[in-house]
Amino acid sequence: MAASPRRRVLGAQLASGITSVNMWALLSFATIGTAVVSFLPSAQPHILTTILGVPESRQGTTIGVLNFAAELAMVLSLAWYGALADRAGRRLVVLAGLGLCAAGTALFPFAGSTAVLVALRVVFGLGVAAINAMLSTIAIDYVRTRSRGTSYGLIGVFGGLGAVIAVLALVRLPETLESAGLEPVAAARLAFLVIAAGILVAAGALWLSLSRVRVSSIGERTPLPRLVREGVALARDPGVAFSYAASFVARADLAIVVSFMSLWVSDYAKGHAGMTSAEAVAKAGAIVGISQTVALVTAPLFGWLGDRVRRQDLVIVAQVVAGVAYLATLLVADPLGPGMMVVAVLIGVGEIAVITTAGPLLAQQAPADVRGSAFGVHTLCGAAGVMIISALGGVLHDTWRPAGPFVVSGAAGLLVAAYGLSVRRRIAARADADLAGEAVPVD
């Protein structure tokens, strides 16, 4: 009897026990999760100006502090999310992450001080940690080994769509409500409440449509501390260590774009073009949207390459492309001019390159039994990158020039590429790599 053909969704071969409904739920999660993750950082300048009245001269440092606090919370929780997912299942962590993001979003424009704003960013950051950890893990769980690059490419495409929705639609909602006659503060609060409600509705839909699978029965009986230690111990493998280092830069790149590019453009628009705060944030969203649209379009290319070339070599190329793109911001004098548009395009390519290439390399090297922990630590490294680069970049934004955060991120990417070149010949895929990732149903 002939073997049944492999089930596919948009070119990705599905793992055993995974249905097309599950895969489409994952892609929807990528869109929703990235929209949620991108919205709040993009809208921060508007909240600082409209709700708290923070002077522009202090907003770079303030945003750096907000990002630092959120990422510190992520650093303390990410590996535990991965381990918890190995024991309790992915859906529970997805639900918790979106619920925390909804709470942080709903309360953000009601903050009466910067300290309260920091606390709410911590709540939001805990939710983002869960979202990021589960996106990386489920993207590998749901497909067979040879489709991991394709899976990450699809996550990049649908995640890019989410980022575009965030910066072109969600960020503009306060301006739309102001145009309808609401006062700026009331418009901001209503906009954030509407978005928070949408997050909760999406969480319920994903709970019903994501798969109830166990990738490993070992994860169910291994204590959490041991799973966390195993994720960290995997760094002895040079391929895992390189993937962790690449994640340090990849997550920071996304945070830099949505936080500091928005701040750079919105401050310039208010100071030199006479725009209101809501108009300036909408203009910033349009420029960031160009970057995210380019990322969306080019994501399939890196996903395709990820299944056809040595993954460590592709990560090196991605880091170099991103590093050069971010350093190109030193050439921008007018963020509303055509030069910024060119740089935004380059940054979009570099950003999606580093995001879509590090994960498949880790999946190639990490055993399935501790994959949730490995990706938890992987995302933890990304959180540490955001924390360090945002804090340093925020200070440089206020004391040197708006391109400061991008320069830090670009330099870090080139350093990671240099490290990759030094270990690339020592990286070998595990002998059982082709057997990993075949999820089995539990019911």
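Fair warning: this is a prediction, and the values are worked out from it, not measured in the lab.
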Can you tell me how far apart [atom1] ([X]) and [atom2] ([Y]) are? Round to the nearest 0.5 Å.
X    : Y    : atom1 : atom2 : answer
L336 : M275 : CG    : CE    : 6.0 Å
M134 : L92  : CE    : CG    : 10.0 Å
I63  : S390 : CD1   : OG    : 9.5 Å
T137 : L362 : OG1   : CG    : 9.0 Å
I32  : L206 : CD1   : CG    : 4.5 Å
T357 : L314 : OG1   : CG    : 5.5 Å

Could you tabulate the donor-acceptor pairs under 3.5 Å formed by side-chain atoms of residues 391-411, not counting sequence neighbours?
unit_1 : atom_1 : unit_2 : atom_2 : d
D398   : OD1    : G60    : N      : 3.2
D398   : OD2    : G60    : N      : 3.4
D398   : OD2    : T61    : N      : 2.5
D398   : OD2    : T61    : OG1    : 2.5
T399   : OG1    : V395   : O      : 2.7
R401   : NH2    : L330   : O      : 3.2
S409   : OG     : D253   : OD1    : 2.4

*asked:* Show, in sequence, the C-alpha distance, side-chain angles and deciding distance for L154 and L27, and conclude whether the side chain to side chain contact (heavy atoms under 4.5 Å, CB included) test is met.
replied: CA-CA 7 Å; L154 291 173; L27 299 178; 3.8 Å; yes
*Does a side-chain heavy-atom distance below 4.5 Å link D334 with Y268?*
yes
*Please test F302 against V349 for side chain to side chain contact (heavy atoms under 4.5 Å, CB included), starting from the C-alpha separation and ending with a verdict.*
CA-CA 10 Å; F302 290 98; V349 175; 4.3 Å; yes
Are the side chain of [X] and the backbone of [Y] linked by a donor-acceptor contact shorter than 3.5 Å?
X    : Y    : answer
T31  : G159 : no
S243 : G239 : no
R121 : A70  : no

*May I ask you to check whether F108 and F39 place their ring centers less than 6.0 Å from one another?*
no
Distance-only criterion, 3.5 Å: show the donor-acceptor pairs between side-chain atoms of residues 169-182 and protein atoms not counting sequence neighbours.
unit_1 : atom_1 : unit_2 : atom_2 : d
T176   : OG1    : R172   : O      : 3.1
S179   : OG     : E175   : O      : 3.0

_side chain to side chain contact (heavy atoms under 4.5 Å, CB included) for K270 and T49? Distances and angles first, verdict last._
CA-CA 11 Å; K270 287 182 289 186; T49 299; 3.0 Å; yes
*Check whether more than 12 heavy atoms from other residues, nucleotides or ligands sit under 6.0 Å from atom CZ of R236, and answer yes or no.*
no
_T105 vs L193, test: side chain to side chain contact (heavy atoms under 4.5 Å, CB included). Steps then yes/no._
CA-CA 7 Å; T105 300; L193 288 172; over 6 Å; no
Acceptor/donor pairs from residues 278-285 side chains to any protein atom, 3.5 angstrom cut, sequence neighbours excluded:
unit_1 : atom_1 : unit_2 : atom_2 : d
E279   : OE1    : T276   : N      : 3.0
E279   : OE1    : T276   : OG1    : 3.3

_Shortest non-hydrogen contact between L26 and L210, atoms and distance_ = N-CD2, 3.9 Å
